[in-house]
Each structure stands twice: as structure tokens, then as C-alpha cells.
K.L.:
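If you scroll down you'll find the structure; I have some questions about it.
Predicted, not measured: the structure shown is a model, and the values here were computed from it. First the proteins, then the strands, lettered A, B, ... as listed; each starts at 1.
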Number of protein chains: 2
Amino acid sequence: MSEPRWLNETELRAWTGFLETSDLLHRMVEQQLREVGGVTTVQYDILHRLNESPEKRLCMTDLADRLVSSRSGITYQVAQLEKAGLLRREDAPDDERRVLAAITEKGRQVLERTAPGHVEAVRAGLLDFLAPDQVAQLAAIMDATRAHLRSTVQLHPPRRARSR
Amino acid sequence: MSEPRWLNETELRAWTGFLETSDLLHRMVEQQLREVGGVTTVQYDILHRLNESPEKRLCMTDLADRLVSSRSGITYQVAQLEKAGLLRREDAPDDERRVLAAITEKGRQVLERTAPGHVEAVRAGLLDFLAPDQVAQLAAIMDATRAHLRSTVQLHPPRRARSR
DNA sequence: TCGCTTTGCTTCGAATTCGAAGCATGAGTG
DNA sequence: CACTCATGCTTCGAATTCGAAGCAAAGCGA
């Protein structure tokens with residue numbers, strides 16, 4: 001094992017800044033959504049993904065992948081949202097195993113009601129505060145990193161061979 | 001209420017990219033630390049903060065603030081780490097209310113053992129993948145945003161007046 | 001000094017998350 | 001078709017997180 005390449009001053013600022021900023025932003029957005037009431041960040045994200053999907057519905061696994069969450073976590077949250085009437089579960093027509101989550105009219109209304117404040121919070125916390133070229137830089141950096149990590153990180157633990 | 005200023009294409013990429021990247025990075029780092037064994041990301045961060053502190057110890061509230069975590073969450077994790085012998089609780093000499101968490105030799109060894117792999121993971125996931133000027137841009141953006149959010153976001157819920 | 005507020009931490013219960021294991025369907029191969 | 005593996009989802013228990021409430025020490029004004 002050779003000497004580890006420690007982070008220089010700039011790299012350290014980039015890394016720790018990224019971590020801390022992401023926590024702070026997450027908290028800020030969570031607070032804002034809580035005040036308006038109704039949904040958490042995770043639930044907002046789920047509804048948003050469903051709504052932007054062409055069919056207005058997605059199966060559980062696709063949801064989990066897009067939200068970078070575990071499957072069981074999605075099962076839980078979809079159950080919560082179904083109880084609240086913001087989405088509906090449906091059987092997929094072509095594959096009996098799949099379960100589709102479809103946003104309901106009520107869910108769409110929640111989105112419509114909370115989206116403007118949400119976007120304002122995002123602006124106030126991040127975008128409006130940066131210079132336009134910085135926003136562009138951030139977009140480029142995040143685009144590249146996201147694609148890179150998508151192909152690197154394994155979202156779900158590998159399934160071990162069935163016993164016997 | 002006027003028409004909300006929706007995000008343009010670049011802003012959207014910056015925002016969603018940031019969210020997704022932060023989740024992916026978090027997962028990647030968590031995986032790496034888990035494989036090496038011993039500590040979680042939160043615990044690594046706590047030990048790291050203690051170790052970089054000049055006195056090698058911090059009080060609970062300072063820890064919570066730096067880690068952008070709730071006080072009760074810190075109480076829990078510090079208890080875990082104390083059980084594992086990686087830190088020690090001490091009474092603050094000047095203020096009876098305060099509890100100091102001081103990293104132990106064993107805790108320092110855990111840091112020393114896990115730090116190289118941790119840094120490598122950070123490089124592999126983010127830094128080595130970006131151009132040098134992008135790292136500098138990211139550092140600048142995160143520095144500014146962090147400071148901005150630090151003065152904006154309230155970490156702890158406001159304490160309501162005592163009843164009676 | 002007395003009384004009230006503030007501050008630091010912990011305890012408590014509720015909510016959320018994860019991975020492992022289990023169940024059912026689909027796909028592929030002989 | 002029979003058999004086996006792969007895939008999609010849920011259930012389960014454990015771990016972690018949070019906010020509210022409570023306790024104790026410190027600060028402060030009258």
C-alpha cells in the first residue's frame with residue numbers, strides 16, 4: 001500500500017462543502033415543505049416522478065432506481081401515499097409481478113399546490129444565490145458526476161444464490 | 001401570488017443533478033466504509049471532527065452543529081461510539097451542563113486505518129473524475145452556498161415558551 | 001439572593017430507512 | 001413440458017433519525 005493521496009486544500013473544500021451544503025439544502029427544503037404541509041421531500045419526489053412520467057405511472061423498481069432508494073423503502077412510502085389517496089396501485093397489464101403506482105387527481109393537486117413554494121425554496125437556497133455562469137458550471141459538474149456514479153455505484157445489494 | 005418562476009433547463013439540471021449526485025455519493029462512501037468495516041459515515045464524521053479539533057474533544061452541541069444533525073441524534077451516536085470505545089465522555093471543567101466527547105487512542109486508530117480508503121473513495125467518486133478547474137469551481141460554489149445557508153437555515157426547531 | 005429565562009443534554013415515542021429473507025411470476029434451456 | 005434461474009415486490013426486524021418534553025445548571029435582572 002503506497003502513501004495515500006490526501007486531499008489538497010481545494011479538493012477538501014469541494015468535498016466537505018458538498019457534504020455540508022447537501023445536508024443544509026435538504027433540511028431547508030424539508031422545512032419548507034413541512035410548513036406548507038402535507039408531504040415530505042421523499043413523497044414530493046415520488047409524486048413528481050410519477051407526474052412527469054408520460055404514462056403518469058411507474059413501477060416500484062423504476063421509482064426506487066430514480067429516487068436512489070431501496071425497494072423496501074419505496075414500498076413503505078407508496079403505501080403511505082396510497083393511504084393518503086395521492087396515488088393508486090395498479091397491476092401491470094403485461095407482467096403479473098409488477099405493481100404500478102399511478103398518481104391520482106388529488107396527488108396532482110398536492111403537487112400543483114406545493115410546487116411553487118418548493119421551487120422558490122430551491123431558488124432561495126441555491127440558484128438565486130449563484131452567478132449564472134456558476135449555475136451552468138454546477139449543472140455541468142453534476143451532469144457528469146451523476147452519469148459517472150450511475151454506472152459505478154450499485155444501488156441494491158447483490159442477491160446471494162438461493163440456498164439448496 | 002404571481003406566476004412562479006419555474007426553473008429553466010440549466011437550473012433544473014443543476015438542482016436535480018445536485019440532489020441525485022449527493023445521494024449517490026453518500027451511498028458509495030457508505031458502502032466503502034462498510035466494507036472496510038467498523039464505522040458508518042456519521043460515525044466517521046464524528047471521529048474526524050473530534051480528531052481535527054485542537055483539543056481533540058468537542059461538546060455535544062458543537063458536534064451537532066458541525067454535522068448538521070439534531071442534538072438527540074448526536075446523543076445516540078456518541079453513545080454508540082462510547083460503547084465501542086472509540087471516544088470517551090467527559091464533564092466540561094467550566095460548565096457543568098456540557099458534556100465533552102473526546103476521541104480515544106482506539107478511535108484515532110480506527111480513523112487512521114479507514115481514512116486512506118475513504119479518501120480514495122471520494123476521489124474515485126468525485127474528484128479524480130473532474131477537471132482541476134471544475135474542482136476549483138465546485139469548491140467556490142460550495143463555499144459560498146454553505147456560508148449562505150449557514151446564516152439562513154435554522155438547524156433546531158425553535159423552543160416554545162415553557163408552559164405555566 | 002430570589003425568580004425567571006436560557007442553555008445543554010438526555011429520554012421518549014413515532015416515523016423512516018435499510019438489508020435479508022420469502023413468495024410469486026416470468027424467462028430460458030434441455 | 002420440467003427444471004432452474006432471474007426478476008418484482010413485500011414482509012420482517014434492526015438501526016437510525018427526528019422533535020417534543022423533561023431535567024439540571026447557568027445567566028440575569030430586580
K.L.:
Going by salt bridge (charged side-chain N to carboxylate O under 4.0 Å, His left out), name the residues that satisfy it together with B:R150, two or more places apart in sequence or in a different chain.
P.N.:
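Expected list: A:E20.
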K.L.:
In this structure, how many angstroms lie between the P atom of D:dG19 and the CD1 atom of B:I74, rounded?
P.N.:
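Atom CD1 in B:I74 sits about 13 Å away from atom P in D:dG19.
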K.L.:
Which parts of residues 49-70 of chain A get close to DNA chain D, meaning a heavy atom less than 4.0 angstrom away?
P.N.:
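Heavy-atom cutoff 4.0 Å gives A:C59, A:M60, A:T61.
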K.L.:
Figure out the CZ/P separation between A:R34 and D:dC18, and round it to whole Å.
P.N.:
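Roughly 11 Å, once rounded to whole Å.
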K.L.:
Taking salt bridge (charged side-chain N to carboxylate O under 4.0 Å, His left out) as the definition, give me every residue that meets it alongside A:D91, ordered by chain and number, with sequence neighbours left out.
P.N.:
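Testing A:D91 for salt bridge (charged side-chain N to carboxylate O under 4.0 Å, His left out), a comparison that skips the adjacent residues, returns none.
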K.L.:
For B:R71 and C:dT6, give me the distance from atom CZ to atom C1', rounded to whole Å.
P.N.:
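Rounded to whole Å, this separation is 12 Å.
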K.L.:
If I take atom CG in residue B:L155 and atom C1' in nucleotide C:dT7, what distance separates them, rounded to the nearest angstrom?
P.N.:
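So the two atoms are 16 Å apart, to the nearest Å.
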K.L.:
Run the side-chain hydrogen bond (donor to acceptor under 3.5 Å, both in side chains) test against A:T61 and tell me which residues pass, sequence neighbours left out.
P.N.:
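Listed in chain order: A:R71.
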K.L.:
Considering residues at least two apart in sequence or located in another chain, which fulfil the salt bridge (charged side-chain N to carboxylate O under 4.0 Å, His left out) criterion with A:R97?
P.N.:
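For A:R97 the salt bridge (charged side-chain N to carboxylate O under 4.0 Å, His left out) partners, ignoring immediate neighbours, are A:D95.
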K.L.:
To the nearest 0.5 Å, what is the distance between CG on B:L87 and CG on B:L100?
P.N.:
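CG of B:L100 is found 11.5 Å from CG of B:L87.
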K.L.:
Strictly by ring-ring contact (aromatic ring centres under 6.0 Å, His included), give each pair with a member in residues 123-151 of chain B just once, sequence neighbours left out.
P.N.:
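Listed by first then second residue: A:F129-B:H148, A:H148-B:F129.
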K.L.:
Under the salt bridge (charged side-chain N to carboxylate O under 4.0 Å, His left out) test, which residues partner A:E9, sequence neighbours left out?
P.N.:
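Counting only residues at least two positions away or on another chain, A:E9 forms a salt bridge (charged side-chain N to carboxylate O under 4.0 Å, His left out) with A:R13.
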K.L.:
In whole angstrom, give the distance that lies between atom CG of A:D23 and atom P of D:dC18.
P.N.:
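These atoms are roughly 9 Å apart.
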K.L.:
How long is the line joining CD of B:E30 and C1' of C:dT17, in whole Å?
P.N.:
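Rounding to the nearest Å, CD of B:E30 and C1' of C:dT17 are 11 Å apart.
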K.L.:
Residues from residues 75-100 of chain B sitting under 4.0 Å of DNA chain D, heavy atoms only?
P.N.:
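Those residues are B:Y76, B:Q77, B:Q80, B:D95, B:E96, B:R97.
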K.L.:
Side-chain atoms of residues 34-48 of chain A: list all donor-acceptor pairs with protein atoms under 3.5 Å, sequence neighbours left out, distances to 0.1 Å.
P.N.:
residue : atom : partner : partner atom : Å
A:T40   : OG1  : A:Q43   : N            : 3.3
A:T41   : OG1  : A:E30   : OE1          : 2.8
A:Q43   : OE1  : A:T40   : N            : 3.3
A:Q43   : NE2  : A:Q77   : OE1          : 3.0

